[in-house]
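Quick notes on the structure that follows.
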Amino acid sequence: GQNIDQPTEMTATEGAIVQINCTYQTSGFNGLFWYQQHAGEAPTFLSYNVLDGLEEKGRFSSFLSRSKGYSYLLLKELQMKDSASYLCAVLNDYKLSFGAGTTVTVRA
Amino acid sequence: EADIYQTPRYLVIGTGKKITLECSQTMGHDKMYWYQQDPGMELHLIHYSYGVNSTEKGDLSSESTVSRIRTEHFPLTLESARPSHTSQYLCASSDAGVSYNEQFFGPGTRLTVL
C-alpha cells in the first residue's frame with residue numbers, strides 16, 4: 001500500500017519562506033513530484049526528485065532523502081499568488097500516489 | 001504548455017443517466033490516467049492505460065469504465081449515475097520519454113448527480 005503524509009494547512013506572510021514536509025511509505029519508488037493546485041483547477045508540475053538532495057528552481061526548491069522516506073518543498077519570497085494546495089506525489093511504475101495536499105495561505 | 005482537454009467542464013445530471021466524460025491529448029503520450037478528487041481531498045487513481053487497447057483499474061474502486069481505442073482519446077463512462085458519483089474527475093497523460101515522466105493534467109470535469 002501507499003502512505004503519504006503532509007500537513008493539512010500552513011499560513012505565512014508575503015515575502016516569507018515556508019517549508020512543506022512530506023513523508024512516504026510506498027511499495028515502490030521511481031521518484032517524487034510536487035504539484036501546485038489552485039482551488040477548482042488542475043494540478044500543475046512544480047518539481048521532481050529521484051536522487052537524494054536539493055533541486056532548486058527559482059523561488060521553489062525540493063529536497064529528497066530516500067533512506068528516510070522524506071521530502072520537502074521550500075517556497076521562498078512568498079507572493080499572494082502562491083496561495084494554493086501543494087501536493088506531494090510518489091511515482092511507482094508510471095503511477096502516481098498523492099498525499100492529501102497542504103493548503104498554503106499567504107497573508108499580506 | 002500541455003495540450004490535454006476535457007469535456008464537459010461542468011455537468012449536472014439526474015440519477016440513472018448514462019454519461020461519458022471525454023479526455024483527449026494531442027501530445028502523442030502513450031500513458032493516460034483518470035483521477036477522482038472530492039473537494040479538499042487527495043486525488044485517487046481510478047483508471048489508467050499504458051497504450052492503445054490497454055486499460056487497468058486504479059487504486060480506488062470505481063463503477064466507471066474506460067476505453068482506449070486511439071492513443072489520443074481516453075473516455076470514461078458511467079452507465080448509471082448516482083449521487084455518490086458527484087466529484088471532480090481529472091484526466092492526465094504522460095510519456096516515458098518526456099520530462100521525468102511527468103503527468104500533465106487536463107482542466108477537469110466537475111460532475112454533480114442529483
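So that the names make sense, note that chain A is the first sequence line, chain B the second, and so on, each numbered from 1. Just so it is clear, the model here is predicted, and its values are computed rather than measured. Note that these values count all heavy atoms, side chains included, but never hydrogens, waters or copies made by symmetry.
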Do A:Pro43 and B:Leu90 come close enough that some side-chain heavy atom pair is under 4.5 Å? yes
For a quick test of reading the model, state the closest non-hydrogen atom pair linking [X] to [Y] and the distance between them.
X: A:Glu41; Y: B:Gln88; answer: O-NE2, 4.2 Å
X: A:Ala42; Y: B:Gly106; answer: CB-O, 2.9 Å
X: A:Lys95; Y: B:Tyr50; answer: CG-OH, 3.9 Å
X: A:Tyr35; Y: B:Glu102; answer: OH-CG, 3.9 Å

Value for CG (A:Leu91) from CD (B:Gln103), rounded to nearest 0.5 Å, stands at 7.0 Å
Output for pair (B:His44 NE2, A:Ser97 OG), nearest 0.5 Å, gives 10.0 Å
Applying ring pair (Phe, Tyr, Trp, His ring centres under 6.0 Å) to A:Phe98 and B:Tyr35, what does each step give before you reach the verdict? CA-CA 10 Å; A:Phe98 283 85; B:Tyr35 294 88; 5.6 Å; yes
Walk me through it: do A:Phe45 and B:Phe104 pass the test side-chain contact (heavy atoms from CB on, under 4.5 Å)? CA-CA 8 Å; A:Phe45 169 80; B:Phe104 295 90; over 6 Å; no
- Message: So which residue, A:Asp93, A:Thr103, A:Ile4, ends up with the most heavy-atom pairs under 4.5 Å with chain B?
- Response: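 Counting heavy-atom pairs under 4.5 Å, the top option is A:Asp93.
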Would you please test B:Leu45 and A:Leu96 for side-chain contact (heavy atoms from CB on, under 4.5 Å) and show each step?
CA-CA 8 Å; B:Leu45 181 68; A:Leu96 282 175; over 6 Å; no
Same hydrophobic cluster for B:Met32 and B:Trp34, using side-chain heavy-atom links shorter than 4.5 Å among ILVMFWY?
yes
Honestly, the part of B:Gln6 sitting under 4.5 Å from a heavy atom of chain A is neither
